[in-house]
Structures are given as structure tokens and as C-alpha cells.
Amino acid sequence: MMKIKNNYIRWKRVGTLLTVLGIYGTISLSSCKPGPGFDVDHQLNYCLGQLSKSVSQLPDSGKIPRNILPGQKEWNYVGYRDWCSGFWPGILWYAYDYTRDRKWLQTADRYSRLLFPLADRSPEGHDLGFELYCSLGNGYRLTDSTDYKAVLLRAADSLATLYNSKVGTILSWPHKVKGTDWPLRHNTIMDNMMNLELLFWASKNGGAKRLYDIAVSHALKTMKNQFRPDYSSYHVVLYDTATGEKVKAITHQGYADNSMWARGQAWAIYGYTMTYRETKDPQFLDFARKVTDVYLKRLPEDLIPYWDFDDPSIPDAPRDASAAAITASALLELSGYVMDKTVAEKYYDKAVAMLKELSSVRYQSRNVNNAFLLHSTGNMPEGSEINASIIYADYYYMEALIRLHKLQNKENLL
Ligand code: GLY
């Protein structure tokens, strides 16, 4: 049976205590600032309004919203095996997190349960973390459901089967990748950093200690092999499966092997911030700052990146609102870990400014469609989901708004 946790009061007390002790001093300092002209509750209520419209139009089947393409009004749906299947239940869990209204819990639970079989199939890739941690991970945080916990622990063990100890990283895509001529080698993609969170969680919640070690090894190897001297990231590194040696660094979803693909860099910012949270190893905090700084330095004035920072057609290239949402959410967390007050405030202020721009008429969907945001780019080289509403942009936008709301109310961020 699912038990509803009332964390609200508890976290408020914890937050106050930490503030008094100075442990989250930076977060508390920043959270005193309202964010100029930005009403976070208004934006969260906008999200709830859009979500209500989407829920009222859902097909009565196992179909999960993924995108709304330019010119379309309705969601395009996918099944539970799609890599984006966890974001929709995750959004519903955030709606419950914010409102504590059981109607959201019931819908979130229904969609979360659709994903249970993923834990017991042979893993189709590193996306198991996106699929199950964004959905059941949030569900478990909010309800303590033993059903969710059991599925998450099995999923973490399943993800770990993709680990190659010679290489020291997880095999991100075990299948032949459509449209590529790569030999079938061990590949690791930047996105994979996000899915270490499932392993860290499992190692703290009854899973094997080995899961923690795998996550740390993956983060260290990726740090060594998947960045240029300016800390911009390569999307993909190919390794020799047998010897573990790096073969080459290339792109799959970016403009070129040497370009900075916006969402890849956003995954790096979020991934290393999360890895620092889970390990408290200062080298990860230092690295999170470095990968953040190159991204911030190269952003256009409105803080929403073009889909790839090096596309020569800029300023006519499409934007990627999803990268901005992922980064805003990560920066709110990172601002709480950085001891230098000036830098911490810079990260916090940038996050609020990104959210402000995403919440403007230029980026919110409003009456155009029922998503929260317009103008994300999924896979430009494949010509798919360009300038579209995409479910993961909405997920990280809502996550960032909830994080900001919690910081402003002196609650624990997570
Ligand atoms: N593979 C996830 C992404 O498109 O970012």
C-alpha cells in the first residue's frame, strides 16, 4: 500500500535548521531574493493549467505524451519502452509535489505502473534511468511506495549489467544506432551522466555498494575522456570493448564532432552537479563549475541556447529550450554547493533569468498547444523534433520552478 509522506512541515523545519547552522547559507541568502519580476507560483499554476488540459484529452490506453511538433495541436504519444516514457509521470509527480492534491497522485501512479516491466527486460540502454528514476524515483520520494522501491532496485541492477569494467563506463547504446556507420563498439554518451542518479539512489536504499562504485567510475572516466580543454563536451566516446582504450570522440546529435551540442552540455552540468551531491568529492564540484562556465560564457543574450553552439547558421538556427530548462534546474542546485558567494549568486541569478525567459510569451506554449514550452530541438541531424514542444523540456522546466519555489520558501531543494 502506498503511504503518503507529509514531508512539507519536516523539510521546512530542516531547511530552517540548516539555514541557522549556515550549512545551506548560500541557498538561504539567494532565496531571500524574489527574482526580479518573476512570480514562480504564477508559472507553476500555468503548468498545472496546461497539464489539466492534457490530462483531460489523454487516450484511455497506455499512451504516454512525448512531443507536439510545429503546426500540431495535439500530443504525439509513445509506449512505455520509449526513452521519454518517464517524463510524463514525472511531471504528474511534480504536480502532486507542489499541490499535494491526490488527483495528481492517482494519475501519476497509474502512469508510473505502466513502466514497471522495464525493470525486468534486458536493458535497451542507459535510458532506464530517465525512464524509471524521473517517474518512480519521484514517486518513491513522495510516497515511500514499496512497490516503486522494489522496481527501482531491480532497474539499477539491470542498468549495471551494461557496465564494462575494462572501460570503466556504462555502455549507453547496446544496439546498432540508426543512421551511423560506427562499428559496434562500447559507446558512452554524455546523456548517460544523468542516469547515474538511479545507481547512487539504489546504493543508499538497499542495493549493492558496487552500484555506487560503478557510478563514480563512469563519472571519472567521462570527465577524463569526454571533454575538450575548454570543458565543452563531446557527445559520444567510442571505446575498444576488449582493451578499454578510448578510440575516438564523435557526435551523434550535435552539429559536428568538435561542436558543443547544447543539450549534451546541459546533461554534463546537471550530471556533475548531481554527482557532487551524491559523493561530496570536491573534484566533481570543481568540474561542474567548469562545464557550467563554458556554457554560460557562450550563451546568447537571452540565455536560451541554439541547439548547437557551433551551428554556422546561428542566429537563424533553432533554439533548444530543453537545454535551458535542464541547466536552470541544475544551476539552482549548484548555487547551493558553491562556497564563493559571488559565484553562487551568479548561478542562482542566471537560473532565475533563464526561467524568466522560458516563462515569457516567446517560449511558453499557452494557447498554441497544451505543453508548457515551445522551441526545443530533439535530434537535428536526423531532422526529428525540431523547434517542437518536447516532454523532457516540460519536465525539467517544472522541476526548476519547484526547486525555485522551495528555495524561496526555505525548504530543502530535493
Ligand atoms: N538522448 C537524449 C537526448 O536527446 O538528449
Side-chain angles (χ1 to χ4, degrees), residues 64-69 76 78 81-88 90 118 123-135 159 162 169-180 182 187-198 218 222 226 232-238 249-255 259-272 274 291 295 304-309 311 317-330 371 373 375-397 399-400:
I64 301 168
R66 165 151 178 170
N67 63 44
I68 307 175
L69 302 177
N76 295 301
V78 290
R81 286 174 56 193
D82 187 271
W83 83 269
C84 291
S85 62
F87 298 117
W88 170 251
L118 288 169
E124 295 186 55
H126 73 109
D127 293 319
L128 208 48
F130 282 123
E131 291 161 338
L132 289 173
Y133 198 72
C134 296
S135 53
L159 181 57
L162 297 174
T169 70
I170 290 164
L171 170 64
S172 302
W173 287 326
H175 49 87
K176 175 96 179 78
V177 179
K178 199 173 93 192
T180 71
W182 312 342
N187 61 73
T188 297
I189 68 169
M190 190 47 62
D191 329 26
N192 200 147
M193 280 300 301
M194 299 295 284
N195 296 318
L196 306 182
E197 196 168 7
L198 172 64
H218 183 105
T222 301
Q226 212 146 337
S232 63
S233 57
Y234 292 101
H235 184 202
V236 186
V237 169
L238 298 181
I250 55 173
T251 198
H252 181 59
Q253 279 166 254
Y255 175 76
S259 67
M260 186 161 86
W261 175 48
R263 198 165 52 258
Q265 197 69 17
W267 293 141
I269 294 166
Y270 195 118
Y272 280 99
M274 176 274 295
V291 301
Y295 176 98
I304 312 298
Y306 294 94
W307 75 282
D308 189 299
F309 284 75
D311 181 340
R319 304 282 185 146
D320 184 12
S322 77
I326 295 159
T327 303
S329 184
L373 296 176
H375 308 313
S376 291
T377 296
N379 191 333
M380 184 76 169
E382 267 187 12
S384 76
E385 298 180 314
I386 298 168
N387 207 14
S389 294
I390 309 182
I391 196 70
Y392 47 82
D394 287 7
Y395 174 88
Y396 288 103
Y397 176 61
E399 178 181 275

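Start at 1 and go down the list; that is how both ligands and their atoms are numbered.
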**Student:** Can a salt bridge be assigned to the pair Arg66 and Glu385 using a cut-off of 4.0 Å between side-chain N and carboxylate O?
**Tutor:**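 Salt bridge between Arg66 and Glu385, a charged N being under 4.0 Å from a carboxylate O: yes.
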**Student:** Applying a heavy-atom cut-off of 4.0 Å, say which part of Phe130 lies close to ligand 1: side chain, backbone, both or neither.
**Tutor:**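 The answer is neither; Phe130 stays 4.0 Å or more away.
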**Student:** From the options His126, Arg263, His235, select the one residue that forms a side chain to side chain donor-acceptor pair (under 3.5 Å) with Asp191.
**Tutor:** His235
**Student:** N/O to N/O below 3.5 Å, does that happen between Trp173 and ligand 1?
**Tutor:**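 For ligand 1, there is no N or O atom that lies under 3.5 Å from one belonging to Trp173.
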**Student:** Step through it carefully: locate the ring centre of Tyr392, locate the ring centre of Trp83, and say whether they are under 6.0 Å apart.
**Tutor:**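 So the answer is yes for these two rings.
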**Student:** Below the 3.5 angstrom mark, is there an N/O of Trp267, backbone or side chain, next to an N/O of ligand 1?
**Tutor:** yes
**Student:** Please confirm whether the ring centroid of His252 lies under 6.0 Å from the ring centroid of Trp173.
**Tutor:**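 So the answer is yes for these two rings.
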**Student:** Determine whether the aromatic ring centres of Tyr295 and Phe309 lie less than 6.0 Å apart.
**Tutor:** yes
**Student:** Can you list the ligand 1 atoms lying under 4.0 Å from a non-hydrogen atom of Trp83?
**Tutor:** 2 (C), 3 (C), 4 (O)
**Student:** Please identify which atoms of ligand 1 are closer than 4.0 Å to at least one heavy atom of Gln253.
**Tutor:**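 Close to Gln253: 1 (N), 3 (C), 4 (O).
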**Student:** With heavy atoms of Arg263 as the reference, note each atom of ligand 1 found under 4.0 Å away.
**Tutor:** 3 (C), 4 (O), 5 (O)
**Student:** Taking the six-membered ring for Trp, are the ring centroids of Tyr396 and Trp267 within less than 6.0 Å of each other?
**Tutor:**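 Between Trp267 and Tyr396, which both carry aromatic rings, the centre distance is below 6.0 Å.
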**Student:** Which protein heavy atom lies closest to atom 1 (N) of ligand 1, and at what distance to 0.1 Å?
**Tutor:**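 Here the nearest protein heavy atom works out to Asp191 OD2, 2.7 Å.
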